[in-house]
Amino acid sequence: MRYLLRKLGFYLVALWAALTVNFFVPRLMPGDPVEILISRLGQRGPVTPEMRASVEAMLGTNTGEPLWNQYVDYLRNLAHGDLGTSVTFFPAGVGSIIEQTLPWTIGLIGLATIISFLAGVGLGTVAGWKRGSWLDNLIPVTTMFQSVPYFWLALILLFAFGSTWPLFPLNGGYDVYNVTPGWNGAFIGSVLYYGALPAITIVLSSVGGWMLGMRNMMVSTLSEDYMVTAEAKGLRPGRIMRRYAARNAILPSVSGFAISLGFVVAGSIVTEAVFSYPGIGSALLQAVGSNDYALMQGIFLVITLSVLGANLLVDLLYSVIDPRTRARD
């Protein structure tokens, strides 16, 4: 319990620091979201000083109010679940924008990350167990895809399988003309079809790293004394590989997997920009272009929570998998 409380305390402090940075950084950027929104409203008619004051209060950028008071209001609104109003998608709230875009990102980037991790760890385990096999010799090819810039690989696959040989659509998240969103087979099939090429790109660019890391850890683990003991007991090779070698070799990969899960939201920007995917990364790009403080803060908050949550989960899981990592009182 003391170990858990120490971990929770550390992550609470880290969360407060991240929220503070999240408040100040957008306000250091050039531009004024109030002026952007006022210019839009001015196209429909004259904007009075009272209307301008209301816009400033709504966006939380009241120039007549001290920055400290704005910071306190920001934390108070977060405590009540109020993320503010988006300038880019005015008058929609930030919470509704995140609610609409986050499932797309988690569904694509999250599932592709899990698939690449499981495939890489599984293939790396076999490659390390059977050194010198064809699978072991395949590792340099897979790591080559990882060394290629992701956006370049995505553009190549998009040109090859979206334009030259049109097996997949060029952009979008689903067929907006022929499919109605909802929990129906046509919509789910369309989402899987449109997300197949981005997912393949993510898997190809990341599976090599998981495979190489797991293979090297397997080679190192196979030289340990307890592996010789397991073989001397006459245990089956499959059990030795899974229960003795892979179980210990996978520990460093678990930490890397947690970091990858935490950055699922942050790492979606390039993917969604190349494939015009309707996820949270596309919303963040539009928010930066419009100096949308509230939307940027809301998305950064999601990124912060995902990173801290994933690391906390793995810290706790790691202490169960490997009790040696627990601090001794």
Main-chain N/O of [Y] paired to [X] side chain as donor or acceptor, under 3.5 Å:
X    : Y    : value
N22  : Q297 : yes
T105 : I280 : yes
S190 : A186 : no
N77  : D73  : yes
S282 : P278 : no

According to a hydrophobic-cluster definition based on side-chain heavy atoms being under 4.5 Å apart (Ile, Leu, Val, Met, Phe, Trp, Tyr only), do [X] and [Y] belong together?
X    : Y    : value
L75  : V13  : no
I156 : F168 : yes
Y244 : L222 : yes
L135 : I139 : yes
L102 : L284 : yes

Separation of [Y] [atom2] from [X] [atom1] (nearest 0.5 Å):
X    : Y    : atom1 : atom2 : value
R236 : M241 : CZ    : CE    : 11.5 Å
L138 : W134 : CG    : CH2   : 6.5 Å
L301 : I98  : CG    : CD1   : 7.0 Å
L295 : T101 : CG    : OG1   : 7.5 Å
T304 : L15  : OG1   : CG    : 7.5 Å
R243 : N248 : CZ    : CG    : 11.0 Å

Under 4.5 Å between any side-chain heavy atoms of [X] and [Y], yes or no?
X    : Y    : answer
F300 : V21  : no
P252 : M217 : yes
T221 : R247 : no
P166 : F161 : no
F151 : T271 : no
L19  : L78  : yes
Y277 : L108 : yes
F145 : V207 : no

- Task: Go through the steps to decide whether V203 and I200 satisfy the test side chain to side chain contact (heavy atoms under 4.5 Å, CB included), and finish with yes or no.
- Result: CA-CA 5 Å; V203 171; I200 291 172; 5.8 Å; no

- Message: Just checking Y226: does its OH atom have more than 12 heavy atoms from other residues, nucleotides or ligands closer to it than 6.0 angstrom?
- Response: yes

- Query: So with a 6.0 Å cut-off around OH of Y193, is the heavy-atom count from everything else above 12?
  - Reply: yes

- Task: Evaluate the ring planes of F257 and F117, with Trp represented by its six-membered ring, and classify them as parallel (under 30°), tilted (30 to 60°) or perpendicular (over 60°).
- Result: parallel

- Aromatic ring pairing Y174/W104, orientation class (parallel under 30°, perpendicular over 60°, tilted between): parallel

- Of all pairs that satisfy salt bridge (charged side-chain N to carboxylate O under 4.0 Å, His left out), the ones with a partner from residues 210-230, not counting sequence neighbours: D136-R215

Heavy-atom closest pair, residues [X] and [Y]:
X    : Y    : value
L308 : A14  : CD2-CB, 4.0 Å
A245 : M218 : CB-CE, 3.7 Å
L158 : L170 : CD1-O, 3.5 Å
A283 : I97  : CB-CG2, 4.4 Å
N137 : G132 : ND2-O, 3.8 Å
N171 : S276 : CB-CB, 3.5 Å

- Task: Step by step, work out the side chain to side chain contact (heavy atoms under 4.5 Å, CB included) result for T201 and F275.
- Result: CA-CA 11 Å; T201 308; F275 293 97; 3.7 Å; yes

- Task: Go through W16 and T20 one step at a time and tell me if the side chain to side chain contact (heavy atoms under 4.5 Å, CB included) criterion holds.
- Result: CA-CA 6 Å; W16 169 78; T20 303; 3.6 Å; yes

- Checking T180, D175, V176 against N178 for side chain to side chain contact (heavy atoms under 4.5 Å, CB included), the one that qualifies is D175

- With sequence neighbours excluded, tell me which residues meet side-chain hydrogen bond (donor to acceptor under 3.5 Å, both in side chains) with S205. none

